[in-house]
Amino acid sequence: MRRRLLAMVPSGEDLDVPGSINMWLFVVGELFIFAFYFFVFMMYRTHATADFVGSQRHLNLAVGAGNTVILLTSSYLVALAVQAAREGSHDRARRLVRWTVALGVVFMTIKLGEWAYEVRHGYTFPSDDFFMFYFALTGVHLFHVLMGLGILGLVLHELRTPALQRQFVVEAAGTYWHMVDVVWIVLFALLYVLR
Amino acid sequence: MITNRRSDTGRLTSVWLALCGLTVVSAVAAAAFDDGRHNVTVGLVVLLIGACKARLVLQEFMELRHAPRWLGRLTDAWLLGVVAFVAVMHAYQRHR
Amino acid sequence: MTATVRPAPVIGGVAPGDRLDLRICWWITVGFYGLFGVIFVLLARVMPPPGADLSTEQIVAFYADHRTTIKIGFGILMVAIGGAAIASGIVAYEMTRMSVGKVFVYTYIVSLSVGALPGCLLAAICCLTATFRADLDPQVTELLFDITFLSFVGSLGCFVANYSILALAILLDENEVFPKWMAYVTIWQIVTELLAAPVFIFRTGPFSWNGVISFWEGTALFGIYMMLLIRLVRRNITTPAAVS
């Protein structure tokens, strides 16, 4: 049994993944952790769908969609940055990563603005089940965005220092940032557009 | 080692545009059909759209196209599991 | 996991090989965590926590029903809590072997020292007070009950600091004392710790102190983390010193 389990652990060529296998372990783990949150959300939603949808209508769909586009664009830019770094154009890569960070900050600002708007209109964390999940899930996601900004800051440092400029760091940061994007795609679907 | 070609940038741009377009479509669909009668169908449609978006990011941005297949299959399994569960729970609520 | 584990390197003349003192500390650590599990799950019955929406009568009944085992369990903890210091110490020792500065070690030690209070001692003392003082006003009993679980499940700041510093140290460490993936497993603990914060607000649902997210998922992930950490320390202790 143990041998069969160990045989499933990837090794050798199987580890030739973009960036870093450790980062992929992290990213896949995060995807499964978030999947658990999605499951719990749907369990509660099924029992009180009308209430959930009613509360959901208080969210601004346009702002949510706009924020999604912003995050998607930031993902696009960091993917371009990875390519630029691969070609050796570290200056261009740095510029693209800076724009990624900028869009990440914009995303966070808009999210906080949304929160402020909802709180001011009386929809707070303990208001009802939908908003409990909304604030908790977008909050955890926002924490991941914050971590991502830290990681991208590290990448900027890497790209700026000729002695470093390690490709796997740039790629691993990209992998993480894309994970944040994928999670948001699902969150956007669950919280904003699923009616 | 993954090496890129000039055309990869074009591919990335196409993917990005598709992602943005899909986002707008799902938002418009949700808003337009929010009348209480088409919720399940529209819900399944936007879920499918979301799945396509996620898979595009996974395969194209995260370069799983070029990665060892076990990793691509693992993330596909994750996506399938999430979407299937949500779809079933969403469709199920209709009959309550 | 064994397939991808590499032997720890030697640094600064301190060999990770067979050291009797480390072996003793490791066994004490394992014994302590085992005892911790027995105390919290079987004796004191605070894991899994009882409901966060119990009435005052139900809370008084909880203490009445488990009076004896709480006294025994948490009484033992009062004496055995030193094991936590050793458990933290052995990991801190591993951190001294890293290439990063000592500030990481000090932060790790301090954050866990502080964490011992909300992490388990407050719960123990409140429960012991509730069970050793039988004629308490039910309102006071309820207060002790609330403090027990709000601190035990909801405590976070010191542990977030602890996990952050360990994760950062592992990632920056050039001596590969712990494998890089352990840093990421540690970061997962930060996320679950954050999602334990809402227990102060919600008395039912997934974010209450016995909720499926705030308690169950967090505890499951913590169990994995702790088992991996203990395993990695053992690997470092028992691997013969490499010649550099």
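Chain A is the first sequence line, chain B the second, and so forth, proteins listed ahead of strands; every chain is numbered from 1. FYI, side chains are in, hydrogens and waters are out, and symmetry mates aren't considered; it's all heavy atoms of this structure.
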Hey, which of [options] has the most heavy atom pairs under 4.5 Å with chain A?
options                            : answer
B/Ala27, B/Ala29, B/Gly50          : B/Ala27
B/Val15, B/Ile49, B/Val57          : B/Val57
B/Thr13, B/Leu58, B/Val24, B/Leu74 : B/Thr13

At their closest point, which heavy atom of [X] faces which heavy atom of [Y], and how far apart are they?
X       : Y        : value
B/Cys20 : A/Val69  : SG-CG1, 3.9 Å
B/Val82 : A/Ala35  : CG2-CB, 3.8 Å
A/Ala79 : B/Phe61  : CB-CD2, 4.1 Å
B/Pro68 : A/Val17  : CD-CG1, 3.9 Å
B/Ala30 : A/Val193 : CB-O, 3.5 Å

Are the side chains of [Y] and [X] in contact, using a 4.5 Å heavy-atom criterion?
X        : Y       : answer
B/Leu71  : A/Trp24 : yes
A/Met43  : B/Phe85 : yes
A/Thr73  : B/Leu19 : no
A/Arg195 : B/Val42 : no

Query raised in the report: Do A/Tyr192 and B/Ser26 have side-chain atoms, one donor and one acceptor, less than 3.5 Å apart?
Result: no

Query raised in the report: Does B/Trp78 use its side chain to pair, donor to acceptor, with the backbone of A/Val28 at less than 3.5 Å?
Result: no

Report task. Find the one option among A/Phe32, A/Phe38, A/Phe188 whose heavy-atom pairs under 4.5 Å with chain B are most numerous. Result -> A/Phe32

Query raised in the report: For the candidates A/Leu61, A/Val53, A/Thr68, which exhibits the highest count of non-hydrogen atom pairs separated by less than 4.5 Å from chain B?
Result: A/Leu61

Report task. Measure A/Val27 against the heavy atoms of chain B and call it side chain, backbone, both or neither at under 4.5 Å. Result -> side chain

Could you give the distance from [atom1] ([X]) to [atom2] ([Y]), rounded to the nearest 0.5 Å?
X        : Y       : atom1 : atom2 : value
A/Arg86  : B/Asp8  : CZ    : CG    : 8.0 Å
A/Thr175 : B/Leu64 : OG1   : CG    : 8.5 Å
B/Met62  : A/Ser75 : CE    : OG    : 8.5 Å
A/Thr46  : B/Tyr92 : OG1   : OH    : 8.0 Å
B/Leu17  : A/Leu72 : CG    : CG    : 11.0 Å
A/His178 : B/Glu60 : NE2   : CD    : 11.0 Å

Query raised in the report: Which is it for B/Met89 and A/Arg45 under the side-chain contact (heavy atoms from CB on, under 4.5 Å) test, yes or no, and what are the steps along the way?
Result: CA-CA 8 Å; B/Met89 297 298 275; A/Arg45 185 177 188 273; over 6 Å; no

Requested in this report: Please work out whether the ring planes of A/Tyr76 and B/Trp16 are parallel, tilted or perpendicular, with thresholds of 30° and 60°.
Outcome: parallel

Query raised in the report: Run the side-chain contact (heavy atoms from CB on, under 4.5 Å) check on A/Val182 and B/Thr75 step by step: do they pass?
Result: CA-CA 11 Å; A/Val182 169; B/Thr75 50; over 6 Å; no

Query - Residues, nucleotides or ligands: over 12 heavy atoms within 6.0 Å of A/Trp115 CH2 - result: yes

